[in-house]
Amino acid sequence: MNSPVDHQIPDHHSPVRSALQGVREAIPLLGGYVPVALSFGLVATQAGFTTWEAAAISALIYAGASQFLFVGMIAAGSPLWLVVILTLLINIRHVVYGPNLAALLPRSRHWPWLMHGLTDQVFALALTRLPQLPDVKRFSWFLGASLFAWAAWVVGTIVGAMAGEAVTARWPLLGEVMPFALPALFLTMVAPRFTDKRWALAMLVTIMAALAFTLYGLSNVAIPLAAALGALCFYSITFTHRSRRL
């Protein structure tokens, strides 16, 4: 039986209070957002972008892996059409995120622009918390959580772009470590999946394919092609559980 606290409509619902609740519950996301945003700001300025260009990229693209790819490819002189295509390919996972959350969210004309705030971490948090909230609180909660995460990402980018050079000049080791913040963040997200044989095999195929494409000079398309091969492996291979005989 469902808990009455989870699903009853509050007598005095306050959208502001629900939004602030979303902000509070999104605070733990900063542990992953801030280091990566600082790292992106530093990497962007090192690639020749200004502080405000880096901030605009974070505000408009707002996708960690795609932003690093975007900056790297632009700095390397890659054609713009290829940069756009690969950026979209990396973000195509949002086609899966959206429908999964749609069933938990009330109807609103504001969703098309508010979905800009949907990231891997916000999706994971929302997928856990939204079913526990009354329908009337869900829009405000998501608004607060997503806008707070987006603002933290942009501010972190600006700080990294403005202070990154000075900090790394004082502590050179940070300049070597910070660019690893994004891979480290995604590693912590996928590491638990290695306990599942199917996921482990798919990720191993993805890693080996990405390395192979890169070694053969196909670094621009290594990530999307490797991801496609990993997905194909995941959906093509199944493991059967053998029962032990006593």
Side-chain angles (χ1 to χ4, degrees), residues 32-95 97 113 115-123 146 149-169 172-187 189-190 206-207 209-231:
Y33 270 56
V34 173
V36 180
L38 292 172
S39 178
F40 173 73
L42 173 62
V43 169
T45 53
Q46 288 178 337
F49 290 84
T50 67
T51 296
W52 303 115
E53 285 172 341
I57 292 171
S58 280
L60 299 176
I61 298 180
Y62 187 38
S66 296
Q67 289 180 214
F68 279 89
L69 178 72
F70 178 87
V71 166
M73 292 185 69
I74 291 294
S78 301
L80 184 60
W81 65 268
L82 182 60
V83 176
V84 172
I85 289 176
L86 291 184
T87 300
L88 292 175
L89 281 175
I90 291 178
N91 284 338
I92 202 168
R93 64 189 184 280
H94 289 264
V95 175
Y97 290 169
W113 61 265
M115 281 296 103
H116 180 64
L118 183 62
T119 64
D120 301 278
Q121 295 78 15
V122 170
F123 170 75
S146 59
W150 177 72
W153 179 261
V154 176
V155 171
T157 298
I158 295 172
V159 173
M162 295 180 67
E165 291 288 352
V167 171
T168 54
L173 182 60
L174 284 177
E176 303 295 328
V177 173
M178 287 179 67
F180 187 67
L182 181 68
L185 174 61
F186 278 95
L187 182 60
M189 294 174 64
V190 302
T206 302
I207 293 169
L211 288 173
F213 286 131
T214 301
L215 291 175
Y216 278 93
L218 300 174
S219 56
N220 283 340
V221 295
I223 294 177
L225 288 181
L229 288 175

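When a residue number appears, it is its place in the shown sequence, counting from 1.
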Could you measure the distance from the [atom1] atom of [X] to the [atom2] atom of [Y]? Nearest 0.5 Å is fine.
{"X": "Trp153", "Y": "Gln121", "atom1": "CH2", "atom2": "CD", "answer": "8.0 Å"}
{"X": "Leu211", "Y": "Ile207", "atom1": "CG", "atom2": "CD1", "answer": "7.5 Å"}
{"X": "Thr206", "Y": "Leu229", "atom1": "OG1", "atom2": "CG", "answer": "7.5 Å"}
{"X": "Thr87", "Y": "Leu82", "atom1": "OG1", "atom2": "CG", "answer": "9.0 Å"}
{"X": "Phe40", "Y": "Ile57", "atom1": "CZ", "atom2": "CD1", "answer": "4.5 Å"}

Once you measure the plane-to-plane angle for Tyr62 and His116, does it fall in the parallel (<30°), tilted (30-60°) or perpendicular (>60°) bin?
tilted

Can you give me the closest heavy-atom contact between [X] and [Y], atom names plus distance?
{"X": "Ala47", "Y": "Val71", "result": "CB-CG1, 3.5 Å"}
{"X": "Ala44", "Y": "Ala54", "result": "CB-CB, 3.8 Å"}
{"X": "Gly48", "Y": "Glu53", "result": "O-OE1, 4.5 Å"}
{"X": "Thr157", "Y": "Ser58", "result": "OG1-OG, 2.6 Å"}

Leu88 versus Val84: any side-chain heavy-atom pair under 4.5 Å? yes

Counting only N and O atoms by type, is there a donor-acceptor contact under 3.5 Å from the side chain of Thr214 to the main-chain atoms of Ala210?
yes

Those residues at least two apart in sequence (or on a different chain) that pass side-chain hydrogen bond (donor to acceptor under 3.5 Å, both in side chains) with Ser146 are none

Sequence neighbours excluded, the answer for ring-ring contact (aromatic ring centres under 6.0 Å, His included) partners of Phe70 is none

